[in-house]
Amino acid sequence: MFEQEYIRKKKIKKIKLLGIDPYPSKIIKINYSIKKILKNKQNIINKNKILYLSGRIFNIRNMGISTFVDIKDYSEKKIQLYYNINKLNKKYRENNFYIFLFKKYLDIGDIIWIKGNLFITKVKEYTILIKKIVLLSKCIYPIPNVKQKNKKIYYKFKDKEKRYRMRYLDLIVNEKSKKNFIIRSLIINYIRKFLNKFNYIEVDTPILQNIPGGAYAKPFITYHNKFKKKLYLRISNELYLKKLIVGGFKGVYEFSKNFRNESIDKIHNPEFTILEFYVPYKNYVWMMNFLQKLLIYICKKTFNKTKIKINNINIDFKKKIKKIKLFNIINKYSKLNINENTSINTLREISKKLKLNVDKKEKIIDNIFNIYCKDKIKNPVFIIDYPIYMSPLAKSKSNNYKITERFELYINSIEIANAYTELNDPIEQYKRLKEQKNKIDKDFIKSLKIGMPPTVGIGIGIDRLIALLTNNFNIQEVILFPQMK
RNA sequence: GACUUGGUAGCUCAGCUGGUAGAGCAUUACACUUUUAAUGUAAGGGUCCUGGGUUCGAAUCCCAGCCAGGUCACCA
């Protein structure tokens, strides 16, 4: 063990010798949060109210028999404490006790409870004059000593690997980090609130699946001992939610943890959160409007505005979101001339020229789009009119079989949502899945045979959306414990 | 998986063309009765990511590996 930890363990021994439990079990009386104190400071001083609160020590300034301590509590505000031997309760004035406990054995990182009154120091800082201190939890592992002056932060704890592996420490020390996760919680709650307003039902569907369906991705494989068979962690919950629409709900949604056995980057984590949401008797055009309303609602409720600066671009979610046809945007930026009828051979030639190393139609188109178009899209855009071979679960347009009723929402070059009018023709669906040569979830086909009403469905990447709205460029910043080796 | 940058004290980082390891904060001791990045004086603290190699001598050069960041590929 390193030096500082050794010293603190020794302190614990001495504290115990004084008859003090460094980790007491107590019911803690708290009548004010620091935030509340700062809000009502004048009133508290005028009435000389007694304050009970607890928090973590962030700094200690020792000055002879006076000491200043900064603490922060769950309200994310800091306040200064002051104690002076002459002003303490009698019990604490016995010299040994005072020196041991207050002068020598409190450390940065300790969690304490205090009783005291508010006053103003000579330099006009609102400060609590301590009457009593109780140690609630001794900190043995020294926390990074972040310092601050005029809102400038010094000695910031910023090693990404350490921050992610020890997120608890990151949350203690980096206010911005904690704020991201508070916003994450708010956004998820507002989405839920918005969907509940329409009486859509929140559901849970299996995470362990027999056949990983609803998307293409490598699954995580596990094994059921009793059944003696492989099970898969879901890559998507899409098929199950459609089964529920067959079952007759007015609309269903699920904040779905999905798992994909693929690599990690700025916008991918092996486990991630997708909001999947299905509504019968509606189509993809309706969903575009609904999605925008949802985004406006989230922004208004969370940030109290609809204009948000993302990656130095002002995005106004109230502005009508442009619709652009997939092949139009591809042809515009690539100077190619392709469409849904372009033959596989022509596409393969293009793939060769661009050294894409892919030979399936859908992959070639996807690659071309990524190369030429993605970076150009900063403001929110609905990309529409995806060809049928890219969208095996989407319904074709009535006037063009080869194009589907589908859109993807892109913001700041990132795919945020994917939605389509669901294919509900069981014969057609079976045919399309068969063409993909994947294992087919026959139960899903069976449910379609029973009959699914015309339905629209959407998947919204929650981690990505939150990263975007908090102006982070890496979803690791909004996933509490991102996957690490 | 490929390329690229990095890994040095608890934290943030220096350390040049190889010569036995540095700073600030944190820690310890002393001083100080209103400080706030407190201050002053002194002290302690290192498997320089790991393993090899070159060399009289490696944090530094070479090779291999581990971990992380970034870019790309796969994917959402």
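None of the values given here were measured: they were computed from a predicted structure.
Heavy atoms of K152(A) sit nowhere under 4.0 angstrom from any nucleic acid atom. Residue contacts shown for R165(A) are limited to sugar-phosphate atoms, with no base heavy atom under 4.0 Å away. Using a 4.0 Å heavy-atom cutoff across all strands shown, F272(A) reaches at least one base atom of the nucleic acid.
Donor-acceptor pairing under 3.5 Å, judged by distance alone, is absent between the side chain of E125(A) and the base of U35(B). Below the 3.5 angstrom threshold, one finds a donor paired with an acceptor across the side chain of T121(A) and the base of U35(B).
With a 6.0 Å cutoff to the six-membered ring centre and a 45° limit on the axis angle, K293(A) does not count as a cation-pi contact of F290(A). Stacking of R167(A) on the aromatic ring of F481(A) is not recorded, the 6.0 Å distance cut-off and the 45° axial limit not both being met. Under a cutoff of 6.0 Å and an axis angle of 45°, K376(A) and Y333(A) form a cation-pi pair.
Here the shortest heavy-atom pairing between G109(A) and I143(A) reads CA-CD1, 3.9 Å. Counting all heavy atoms, side chain and backbone alike, F58(A) lies closest to K72(A) at CE1-CB, 3.5 Å.
Non-hydrogen atoms lying under 4.0 Å from RNA chain B are contributed by K363(A), N367(A), all within residues 362-372 of chain A. Residues from residues 470-485 of chain A placing a heavy atom under 4.0 Å of any atom in RNA chain B, listed by number, are N474(A), Q476(A), M484(A), K485(A).
Here C67(B) is the nucleotide among A26(B), A73(B), C67(B) with the atom lying nearest to any side-chain atom of E161(A).
In this structure, R234(A) contributes its side chain and N258(A) its backbone to no donor-acceptor pair below 3.5 Å.
Straight-line distance from the CD1 atom of I128(A) to the C1' atom of U35(B): 16 Å, rounded to whole Å. Separating the CZ atom of R61(A) from the P atom of U27(B) is a distance of 13 Å, rounded to the nearest angstrom.
In summary, K178(A) and E76(A) engage in a salt bridge, as defined by a charged side-chain N under 4.0 Å from a carboxylate O.
Applying the ring pair (Phe, Tyr, Trp, His ring centres under 6.0 Å) test between Y200(A) and each of F277(A), Y253(A), Y278(A) identifies F277(A) as the sole match.
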